[in-house]
Amino acid sequence: MSLAVEEQTKATETDSRVSESGRWLSGRITPINERRLANFRSNRRGVWSLRIFLVLFVLSLFAELIANDRPLMVGYNGEFYFPFAVIYPETTFNGEFETEADYRDEFVVELIEEGDGWMLWPPVRFSHDTINYELEVPAPAPPSADNWLGTDDQGRDVLARLIYAFRISVLFGLVLTALSAAVGIAVGALQGFYGGLTDLLGQRFIEIWAGMPILYLLIIVASVITPNFWWLLGLMLLFSWMGFVGVVRAEFLRARNLDFVTAARALGLPDRSLIWRHVLPNAMVATITFMPFTLSGSVTTLTALDFLGFGLPPGSPSLGELLNQGKSNLQAPWLGVSGFVVIALMLSLMVFIGEAVRDALDPRKVYQAV
């Protein structure tokens, strides 16, 4: 009886040490990960940066619901239509043409109103490629009630292009960072685990490959082919993976001769299991710390290529292209200021998140309630 009471007392004391916000995680993560999570939460700047970044990124994923030149919903003759997702011809609303209806045209508006209809518009009634033909001044037009951040030199809404450009930039950086980490971790793991000739040849190849002028090669290739999202992703992946090799290789060189690895090898565990289950988790701390900074570097490189005209295809929403327009149109400061604020905010949030992750994974950091 006393043994059962003692065990129950110990269990109660253990539960009391778990914070209220993370209690549901207590049975799912290890104590060291609980400490890392507590360290991350103690960095208020990093936590708020993560929240703001996630809100902006999630909103940008639904850019078609925020900035679009087609209504979100149309009610016509008792039926509902969703033009933002489905293309409807003008004849659907008793028009004359089989082509897509222009919902900004007064003729189409009158057709819908004649059918006792209505239209629900998004907050911004422009898409990233919509040209405002009703400007009262020549483009680029200053901010107004229709164009909250003005238009560019082609009459396209700046706010709409910023929303879509933010989504493309973040998605590009996330995909490139994930693929670069996968390739870099694999190469660094093989070099560090096997060492010897494998490590020697791998290091010599990386030294030669890293010595190539990456930006010039990207410009040359982009001038020969028509660049797009996937072409740029593949070209940058050829060089971006090398940043992960060094940290992973060092961790594998350090851990491959430790006692627990030697014991597992003596028990006949295959190399694949040794790498994946025993050594790789030790290398993931440094890798995860490095990833947010790689993400910000990827976004910066894409912006630089777009600024130089060797990035995404012409007409694509791009932060670099907007900065280039600001440089070419100094009389329209809203172009350069808008692009600069978005880029500065994006990179600052990424850096603050990276610093919080680095501190959370640092074993010397101890959680202090704030």
Side-chain angles (χ1 to χ4, degrees), residues 25 28-43 46 173-174 176-212 214 236-298 350-368:
L25 291 173
R28 303 185 184 184
I29 60 177
T30 60
I32 187 172
N33 287 331
E34 289 184 3
R35 179 187 60 80
R36 291 168 179 171
L37 185 59
N39 285 339
F40 182 83
R41 289 174 175 172
S42 67
N43 190 323
L174 289 175
L176 181 60
T177 302
L179 295 178
S180 302
V183 177
I185 290 174
V187 175
L190 293 177
Q191 287 186 215
F193 185 80
Y194 291 105
L197 185 60
T198 302
D199 185 31
L200 179 63
L201 294 178
Q203 285 299 101
R204 299 294 82 78
F205 172 78
I206 291 177
E207 291 174 359
I208 297 173
W209 195 246
M212 294 185 178
I214 300 175
M236 294 181 62
L237 179 61
L238 293 176
F239 304 97
S240 59
W241 58 270
M242 292 180 290
F244 292 92
V245 174
V247 292
V248 178
R249 171 179 172 269
E251 289 293 331
F252 269 78
L253 286 174
R254 181 186 64 84
R256 65 173 184 166
N257 293 323
L258 295 180
D259 293 340
F260 70 94
V261 178
T262 304
R265 183 183 289 111
L267 292 174
L269 201 67
D271 292 345
R272 181 178 61 182
S273 298
L274 283 173
I275 294 174
W276 181 257
R277 297 177 55 185
H278 294 277
V279 186
L280 183 59
N282 297 307
M284 290 305 298
V285 173
T287 303
I288 295 176
T289 304
F290 193 69
M291 290 179 70
F293 302 99
T294 303
L295 174 61
S296 60
S298 303
M350 291 180 182
V351 171
F352 292 155
I353 295 171
E355 291 178 350
V357 172
R358 179 196 61 193
D359 293 342
L361 298 178
D362 189 350
R364 297 170 296 180
K365 293 286 184 178
V366 179
Y367 167 68
Q368 295 180 355

Ring geometry between Phe239 and Trp209 (parallel below 30°, tilted from 30 to 60°, perpendicular above 60°):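 Parallel, since the angle between the ring planes stays under 30°.
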Provide the closest heavy-atom pair for [X] versus [Y] in the form atom of the first, atom of the second, distance.
X	Y	result
Phe40	Ala356	CE1-CB, 3.4 Å
Ser240	Leu176	OG-CD1, 3.5 Å
Ala255	Val261	O-CG2, 3.2 Å
Trp241	Leu238	NE1-O, 2.8 Å

Point-to-point distance, once rounded to the nearest 0.5 Å, from OG1 of Thr177 to CG of Leu237: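 Atom-to-atom, Thr177:OG1 and Leu237:CG are 10.5 Å apart.
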Atom pair CG/CD1 of Leu201 and Ile206 - distance to nearest 0.5 Å: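 Those atoms lie 11.0 Å apart.
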All pairs passing salt bridge (charged side-chain N to carboxylate O under 4.0 Å, His left out) where residues 182-204 contributes a residue, at least two apart: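 Non-adjacent pairs meeting salt bridge (charged side-chain N to carboxylate O under 4.0 Å, His left out): Asp199-Arg249, Arg204-Glu207.
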Residue pairs, two or more places apart or on separate chains, that pass salt bridge (charged side-chain N to carboxylate O under 4.0 Å, His left out) and touch residues 278-289: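 The answer is none; no pair qualifies.
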Partners passing salt bridge (Lys or Arg N to Asp or Glu O under 4.0 Å) against Arg254 (at least two apart in sequence or in another chain):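 Only Glu251 meet the salt bridge (Lys or Arg N to Asp or Glu O under 4.0 Å) criterion with Arg254.
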Among Leu253, Thr198, Ile275, Val248, the one residue meeting side-chain contact (heavy atoms from CB on, under 4.5 Å) with Phe193: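 That would be Ile275.
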Qualifying residues under side chain to side chain donor-acceptor pair (under 3.5 Å), relative to Arg256, sequence neighbours excluded: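 Scan of Arg256 (side chain to side chain donor-acceptor pair (under 3.5 Å), adjacent residues dropped) gives none.
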Contacts of type side chain to side chain donor-acceptor pair (under 3.5 Å), residue Ser298, not counting sequence neighbours: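 Residues passing side chain to side chain donor-acceptor pair (under 3.5 Å) with Ser298: none at all.
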Could you tabulate the donor-acceptor pairs under 3.5 Å formed by side-chain atoms of residues 283-296, not counting sequence neighbours?
unit_1	atom_1	unit_2	atom_2	d
Thr287	OG1	Ala283	O	2.9
Thr289	OG1	Val285	O	2.8
Thr294	OG1	Phe290	O	3.1
Ser296	OG	Phe293	O	2.8

Expected output: side-chain Ser42 to main-chain Asn39 donor-acceptor under 3.5 Å: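 Between the backbone of Asn39 and the side chain of Ser42 there is a qualifying donor-acceptor contact (under 3.5 Å).
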